[in-house]
Chemist: 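Below you'll find the structure I mean.
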Protein chains: 2
Amino acid sequence: MDQAAGRRREPTMRDVAALAGVSTKTVSRVINDQPGVGPEATERVRAAAHTLGFRPNLTASSLRRSDRRSATLGVLFEDLSNPFDSALLRAVEDRARSSGVLVLTGSDEDDPRLQRELLALLASRRVDGMIVMAVGGHQDALQQERERGTPMVLVDRPPTFANTDSVTTTNRESTREAVLLLASLGHRRIGFLGDRQALWTSQQRYTGYLEGLAHAGLTLREDLVMTDLRGPDAAEAATATLLDLAQPPTALFTAQNLLTLGAMRTLRDRRLHHRIALIGFDDFPLADMLEPSVTVIRQDVPAIGRTAAELILARIEGDQAPVVHAVIPALLISRGSGEIPPQPD
Amino acid sequence: MDQAAGRRREPTMRDVAALAGVSTKTVSRVINDQPGVGPEATERVRAAAHTLGFRPNLTASSLRRSDRRSATLGVLFEDLSNPFDSALLRAVEDRARSSGVLVLTGSDEDDPRLQRELLALLASRRVDGMIVMAVGGHQDALQQERERGTPMVLVDRPPTFANTDSVTTTNRESTREAVLLLASLGHRRIGFLGDRQALWTSQQRYTGYLEGLAHAGLTLREDLVMTDLRGPDAAEAATATLLDLAQPPTALFTAQNLLTLGAMRTLRDRRLHHRIALIGFDDFPLADMLEPSVTVIRQDVPAIGRTAAELILARIEGDQAPVVHAVIPALLISRGSGEIPPQPD
DNA sequence: CTGAAAGCGCTAACAC
DNA sequence: GTGTTAGCGCTTTCAG
């Protein structure tokens with residue numbers, strides 16, 4: 001047995017047909033469970049296929065078949081090693097596999113160039129449809145792909161172009177709810193740490209923050225708002241800046257899971273983690289094991305993935321219903337860090 | 001623009017050839033950067049391809065081409081939503097993409113039936129090779145696939161059959177090292193929590209534990225060993241059992257990341273997390289944020305993924321070197337929980 | 001330098 | 001019921 005080269009030629013329908021003494025078309029019918037083959041011939045074909053170890057070549061079949069299906073979906077996310085992305089992939093995968101569909105994946109790192117390249121690689125493999133997390137900024141590459149007719153569903157962020165389904169969550173509403181919770185405990189100085197403002201989710205969450213302040217009758221203090229933070233280190237520094245203010249915040253809202261980690265780190269370092277309230281967007285593993293346990297807004301990732309998969313599969317099947325923008329509710333999970341009242345100095 | 005049905009026919013090389021006034025073969029040469037086309041014809045083809053928005057159909061090309069390459073890899077892991085698996089996928093993906101190769105994924109949940117099914121789905125799409133985490137127990141399906149000539153690399157666990165590359169880590173050696181560290185601090189009763197013994201990694205780590213005890217001159221106490229634990233809840237219960245012994249352990253070694261979490265939970269509940277030492281196999285996000293920070297053995301996941309990808313890509317290229325069983329060193333990360341000395345009662 | 005003919009493995013559309 | 005012919009989009013082979 002060779003490791004690779006001299007890879008054995010896979011048996012074809014011709015080989016099976018020859019052994020069974022029928023035509024390739026008859027083999028095709030048997031393999032695809034199509035009617036019009038006698039029980040005896042069916043049996044001979046089955047036996048021949050089995051002895052040869054025949055396995056249909058899906059790529060050849062999809063080339064010829066009229067529907068052109070490859071039974072393969074493209075999934076293009078920001079970073080598949082991020083727990084949010086990988087949980088989403090898993091949900092998509094499960095739903096797809098139950099329809100015999102496999103998933104071709106890629107991570108575009110929120111880089112438009114990379115996204116365009118990966119889109120092309122997926123397209124050249126003729127996937128039946130794509131589930132994509134749009135990069136921040138321009139969605140040109142996506143729009144072009146969509147306009148070529150590729151069935152597409154966006155997740156996490158909606159399209160900026162027409163006629164394309166999406167599945168998102170209640171970014172604005174849930175953030176507002178969190179801010180209102182903090183306000184109801186008596187917090188009047190609530191800091192906000194946000195991701196890149198080019199991202200739709202960041203904008204939504206920031207809007208929710210503003211709405212929450214307004215509903216609570218609090219005025220926005222610009223010095224308590226830090227945005228365009230990339231990653232935990234930036235959040236760590238931003239938190240330090242906020243805490244060094246003459247009038248520091250008594251509560252923090254972090255608009256993304258990595259930012260929550262950074263903020264926590266600084267709070268711990270300063271031994272303020274039991275004195276300053278913290279609510280974060282996006283749950284993360286072990287949030288319940290920290291001290292204090294971290295109150296978060298949890299997206300229903302399995303539902304988002306399942307919904308996206310169901311949408312794309314339906315579109316591939318030819319579903320012509322009007323565009324769908326599904327919004328899956330997120331949930332505020334109270335664990336402790338969000339329930340800390342304002343502390344006297 | 002329709003959502004799906006009536007999907008536009010993609011332009012073909014024939015279309016491009018017609019527009020450029022050349023034969024399809026000339027188009028093929030230009031698209032594939034093959035020599036033997038004049039600069040003028042090349043330009044005409046390029047222009048035609050651009051105006052039509054032509055994109056090569058890789059599935060048709062791979063069907064006809066002599067090397068049969070689909071530039072696609074199959075990746076079959078236990079659970080892509082597990083941080084270990086997804087980090088591995090990401091590493092594989094990055095290395096593959098730099099060679100223009102995409103990855104078709106699947107999660108088999110360590111279920112032999114599912115693994116067999118997914119292997120068949122991958123094979124019917126004629127992936128060039130597979131990177132697989134073998135399920136515990138029999139590797140029949142894998143071996144059969146391998147014997148058909150499919151290039152294959154196993155990760156995390158080695159093959160039980162011949163002639164197949166693998167990439168694993170220093171399970172035994174690193175565990176031994178951890179146990180020796182605990183012993184050097186004066187611990188004489190070191191508990192062991194292990195995953196299913198059917199898994200090769202579990203066996204290796206248990207062997208390392210035994211070696212560590214032996215090297216330290218400690219005798220094995222069977223009542224301190226709990227194996228075949230599936231998931232954090234089982235570990236939680238097992239830890240409670242150990243702590244209830246007349247002579248409870250003063251240190252614990254947990255042989256898998258989920259088990260570490262379970263053990264920690266019980267230690268916290270009993271307020272023993274600062275009194276009983278703990279070292280876990282596999283790092284996990286936030287291990288450094290807990291109190292105390294958790295000492296772990298960290299696998300070099302990016303190196304494992306990259307190595308596996310490089311191996312499979314080389315085999316696909318026809319590399320005939322002898323079988324490789326790469327072992328990537330793991331690292332003991334001291335963070336605090338593993339450095340707690342034995343406490344007087 | 002370029003193209004015509006054949007065919008990869010399979011299925012559509014018809015014939016028998 | 002079953003087979004024949006043609007052709008999916010591309011590349012091989014070989015002829016000019």
Side-chain angles (χ1 to χ4, degrees), chain A residues 7-46 48-49 52-72 123-128 148, chain B residues 7-46 48-49 52-72 123-128 148:
Chain A
R7 196 172 166 180
R8 237 197 282 326
R9 193 178 73 75
E10 290 258 355
T12 70
M13 281 194 180
R14 255 173 74 145
D15 301 325
V16 176
L19 183 57
V22 298
S23 75
T24 60
K25 178 69 227 193
T26 298
V27 176
S28 170
R29 282 197 259 255
V30 172
I31 298 298
N32 296 297
D33 291 314
Q34 284 169 2
V37 182
E40 191 193 334
T42 303
E43 202 33 60
R44 284 214 311 284
V45 169
R46 289 247 163 77
L52 292 178
F54 169 79
R55 286 188 299 192
N57 184 330
L58 190 65
T59 97
S61 134
S62 91
L63 182 61
R64 189 62 183 85
R65 204 181 305 118
S66 50
D67 63 15
R68 281 327 181 60
R69 299 283 171 71
S70 60
T72 305
S124 74
R125 284 158 181 80
R126 299 297 189 269
V127 293
D128 298 331
R148 284 165 166 270
Chain B
R7 196 173 166 178
R8 237 198 281 328
R9 192 178 73 76
E10 291 258 356
T12 71
M13 281 196 180
R14 255 174 75 148
D15 302 324
V16 176
L19 183 58
V22 297
S23 74
T24 60
K25 178 67 232 195
T26 298
V27 176
S28 169
R29 282 198 258 256
V30 172
I31 297 298
N32 296 297
D33 290 314
Q34 284 169 2
V37 182
E40 192 194 332
T42 303
E43 202 32 62
R44 285 217 310 286
V45 169
R46 289 246 162 79
L52 291 178
F54 170 78
R55 287 188 299 193
N57 184 331
L58 190 65
T59 93
S61 135
S62 92
L63 180 62
R64 188 61 182 87
R65 201 182 305 117
S66 51
D67 63 16
R68 272 359 189 28
R69 299 279 173 73
S70 60
T72 304
S124 73
R125 283 157 183 81
R126 297 300 189 266
V127 293
D128 298 331
R148 284 164 165 270

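Excluded from the calculations below are hydrogen atoms, water molecules and symmetry mates; all remaining heavy atoms, backbone and side chain alike, are included. Just so we're on the same page: letters track the sequence lines, and every chain starts at 1. Everything quoted here is computed from the prediction, not taken from an experiment.
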Chemist: Does any part of the side chain of B/L63, heavy atoms only, come nearer than 4.5 Å to the side chain of A/N57, both counted from C-beta?
Modeler: yes

Chemist: Looking only at side chains, do B/R126 and B/S62 share a donor and an acceptor under 3.5 Å apart?
Modeler: no

Chemist: What pairs meet the salt bridge (charged side-chain N to carboxylate O under 4.0 Å, His left out) rule with one or both residues in residues 20-36 of chain B, with sequence neighbours excluded?
Modeler: B/D33-B/R46

Chemist: Using atom CG of B/D33 as one end and atom C1' of C/dC1 as the other, report the distance to the nearest whole Å.
Modeler: 17 Å

Chemist: Answer yes or no: is there a side-chain heavy-atom contact under 4.5 Å between A/I31 and A/M13?
Modeler: yes

Chemist: What string of B, S and - do you get for nucleotides 7-12 of chain C 5' to 3' if you count protein non-hydrogen atoms under 4.0 Å?
Modeler: BBBBBB

Chemist: Of all nucleotides in DNA chain D that come within under 4.0 Å of a heavy atom of chain B, which is furthest toward the 5' end and which toward the 3' end?
Modeler: D/dG9 to D/dT13

Chemist: If you look at every strand shown and take non-hydrogen atoms under 4.0 Å, does B/G38 touch a base, only sugar-phosphate, or nothing?
Modeler: sugar-phosphate

Chemist: Output yes when a side-chain donor or acceptor of B/R125 lies under 3.5 Å from a complementary backbone atom of A/T72, and no otherwise.
Modeler: no

Chemist: Could you report the tightest heavy-atom contact between B/V45 and B/V16, atom names first, then the distance?
Modeler: O-CG1, 3.9 Å

Chemist: Can you check whether B/R69's main-chain N or O pairs, donor with acceptor, with B/D67's side chain at less than 3.5 Å?
Modeler: yes

Chemist: Would a 4.5 Å heavy-atom cut-off, applied to side chains only, mark A/R44 and A/T26 as touching?
Modeler: no

